[in-house]
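Quick note: numbers below take in every heavy atom, side chains included, and nothing from hydrogens, waters or symmetry partners. The structure presented is a predicted model; accordingly, all values stated were derived computationally and were not measured.
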Amino acid sequence: MEPRINVPSYRHLLFLLCAIAIGVAFDQAQSFFAPVLSAVVLGVVLAPGMDRLTGFGLHPALAALTILILFICSAASVFILTEPAISAAIAQGPVIWSEFEGLIDLLRGVVSGVQDIQDTVTEALTEDEGVEAAEAEVPVPTVMDALSYGPSLISGLLIFIGTFYFFLAGRADLYERVGRRIDSLDEAQLYNAEKRVSRYFLTIAFINGCFGILVALVMMLLGMPQPGLWGLGAFLLNFLLYLGPAVVALALLVVGTVTFDGVYAVLPMAMFVSMNMIEGQFVTPSLVGQRMALNPLFVFLSIVFWLWLWGPIGGLVAIPLLVWALFIVSDGTQDPNATPAEAES
């Protein structure tokens with residue numbers, strides 16, 4: 001009797017191979033896919049604003065242009081408002097470095113034995129020509145090297161703006177075509193996932209905005225420099241779950257050590273960590289709801305994967321992509337006999 005072929009296993013293998021191929025393509029063509037995917041994710045989040053404008057009678061192209069202009073103005077306003085604070089923080093770099101020189105000297109003393117062993121091995125293995133190569137000056141990036149990144153940055157920005165505009169302007173036709181060509185998806189399912197993703201992130205944005213204001217007020221009461229910048233940083237980095245708050249806490253520890261003396265130096269970090277724990281354990285679950293809560297393992301793996309693949313841009317799109325994918329899957333596995341109220345809950 002001939003062995004029976006397990007068809008689902010081949011489908012799973014094909015799915016795995018396709019996922020690997022897509023990951024390799026994303027890695028090799030990051031300059032194209034990163035701005036495109038970022039624009040689509042932002043378009044999904046801001047889609048309710050687009051629907052509201054078209055509901056007022058605006059043409060989709062004009063509504064998409066309005067959303068784009070509002071987004072550009074908002075981003076420019078944030079940059080203009082934070083530029084003085086960021087410049088002041090950068091100017092304090094030498095002060096922070098001088099304060100930490102003692103700690104660095106202590107660490108150097110601890111690892112001095114390892115350094116001596118490394119120097120001995122290097123001297124034993126290095127020939128004359130190797131010594132000459134080691135003594136050669138390391139090339140320092142010039143202004144022209146920095147300007148060489150300009151065209152790629154401008155092209156990425158243009159790709160982002162173009163994709164964002166045309167996605168919003170033509171997303172109705174896009175969803176219709178996808179629904180016709182993919183049996184497992186339909187137009188209503190895509191719209192439903194879009195609404196749920198947008199609702200989720202608008203709620204998270206409201207929570208992070210209130211959290212950023214609270215952080216700014218607490219830092220001002222503690223006497224931390226640039227409290228508004230700390231509030232803005234808490235607002236933006238709180239979108240990057242786990243890793244973002246950790247970065248803010250580490251920065252508060254560094255600046256607190258430079259600004260204050262004794263145990264008071266760790267108070268800003270301790271206050272931020274306490275507020276972040278309260279927000280993550282009580283505020284967000286109560287406002288978002290348990291049904292929309294994300295599995296911490298999925299969140300962590302998604303952030304790590306996209307950070308590894310695309311760096312900071314990947315960290316920004318990791319959670320929106322995860323939420324969208326989970327909502328698509330959950331909508332696809334819902335009971336077809338469920339009522340609209342049950343499907344929406």
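A donor-acceptor pair is defined here as one N or O able to donate and one able to accept, closer than 3.5 Å; such a pair exists between the side chain of Ser302 and the backbone of Ala318. Between the Thr54 side chain and the Asp51 main chain, a donor and an acceptor come within less than 3.5 Å of each other. No donor-acceptor pair closer than 3.5 Å links the side chain of Trp324 to the backbone N or O of Ile319. Counting only distance, with no hydrogens or angles, the side chain of Thr163 and the backbone of Val36 share no donor-acceptor pair below 3.5 Å.
Rounded to the nearest 0.5 angstrom, Leu243 CG and Leu307 CG are separated by 6.0 Å. Note that OH of Tyr165 and CD1 of Ile69 are 9.5 Å apart. Values are rounded to the nearest 0.5 Å. Remark: Leu217 CG to Ile213 CD1 distance equals 7.5 Å, nearest 0.5 Å. In this structure, Leu53 CG and Ile67 CD1 are separated by 4.5 Å, a value rounded to the nearest 0.5 Å. Note that the CZ atom of Phe235 and the CD1 atom of Ile207 stand 11.5 Å from one another [nearest 0.5 Å]. Interatomic distance, Ser77 OG to Leu70 CG, rounded to the nearest 0.5 Å: 10.5 Å.
Residues Val283 and Ile204 share a single hydrophobic cluster, defined by chaining ILVMFWY side chains whose heavy atoms lie under 4.5 Å apart. Two different hydrophobic clusters hold Val255 and Leu250 under the rule that ILVMFWY side chains link at heavy-atom gaps under 4.5 Å. No continuous path of hydrophobic side-chain contacts links Leu202 to Leu168 [ILVMFWY only; heavy atoms under 4.5 Å]. Put simply, Met220 and Met271 are part of two different groups of oily side chains (I, L, V, M, F, W, Y) that touch within less than 4.5 Å, one to the next. Under the 4.5 Å side-chain heavy-atom criterion for Ile, Leu, Val, Met, Phe, Trp and Tyr, Ile278 and Val215 are members of distinct hydrophobic clusters.
The closest side-chain heavy-atom distance from Tyr191 to Arg196 is not below 4.5 Å. A heavy-atom distance below 4.5 Å is not found between the side chains of Phe282 and Met277. Considering only heavy atoms from C-beta on, Asn238 comes within 4.5 Å of Asn276 through its side chain. Side-chain contact check for Met219 versus Leu252: some heavy-atom pair is nearer than 4.5 Å. In this structure the side chain of Phe164 never reaches within 4.5 angstrom of the side chain of Pro35, judged on heavy atoms. Residues Met50 and Leu46 form no side-chain contact, since every pair of their non-hydrogen atoms from C-beta on lies 4.5 Å or further apart. No side-chain heavy atom of Met275 sits under 4.5 Å from any side-chain heavy atom of Glu279. Between Val78 and Leu232, the closest side-chain pair of non-hydrogen atoms falls below 4.5 Å.
Heavy-atom contacts from other residues, nucleotides or ligands closer than 6.0 Å to CH2 of Trp310 number more than 12. Other residues, nucleotides and ligands place no more than 12 heavy atoms under 6.0 Å from the CZ atom of Arg177. More than 12 non-hydrogen atoms from other residues, nucleotides or ligands lie less than 6.0 angstrom from OH of Tyr264.
Of all non-hydrogen atoms in Ile313 and Ser38, the two that sit nearest each other are CG2-OG, 3.4 Å. Taking both residues in full, the closest heavy atoms of Pro48 and Ser198 are given as CG-OG, 2.8 Å, listed atom of the first, atom of the second, then distance. Phe160 and Leu42 make their closest contact through CZ-CD2, 3.7 Å (heavy atoms, listed as atom of the first residue, atom of the second, distance). Among all heavy-atom pairs drawn from Phe260 and Leu222, the shortest one is CZ-O, 3.3 Å. Heavy atoms only, all atoms of each residue included: Ala169 and Ala61 are closest at CB-CA, 4.3 Å. Nearest heavy-atom pair across Gly223 and Thr259 is O-CG2, 4.5 Å.
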Apply side chain to side chain contact (heavy atoms under 4.5 Å, CB included) to residues Phe33 and Leu309 and explain how you reach the verdict. CA-CA 11 Å; Phe33 284 113; Leu309 189 66; over 6 Å; no

Which is it for Val263 and Leu267 under the side chain to side chain contact (heavy atoms under 4.5 Å, CB included) test, yes or no, and what are the steps along the way? CA-CA 7 Å; Val263 181; Leu267 185 58; over 6 Å; no

Could you walk me through whether Trp230 and Val218 pass the side chain to side chain contact (heavy atoms under 4.5 Å, CB included) test, one step at a time? CA-CA 10 Å; Trp230 291 113; Val218 171; over 6 Å; no

Would you check, one step at a time, whether the test ring pair (Phe, Tyr, Trp, His ring centres under 6.0 Å) holds for Phe272 with Phe211? CA-CA 10 Å; Phe272 172 80; Phe211 180 70; 5.8 Å; yes

After noting the C-alpha distance and the side-chain angles of Leu174 and Leu190, does the key distance pass the side chain to side chain contact (heavy atoms under 4.5 Å, CB included) rule? CA-CA 10 Å; Leu174 176 63; Leu190 291 171; over 6 Å; no

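For Phe166, the ring-ring contact (aromatic ring centres under 6.0 Å, His included) criterion is met by no residue, not counting sequence neighbours. Every side chain to side chain donor-acceptor pair (under 3.5 Å) that Tyr175 has, sequence neighbours left out, goes to Glu194.
Below 30°, between 30° and 60°, or above 60°: for Phe305 and Trp308 the angle between ring planes is between 30° and 60°, a tilted geometry.
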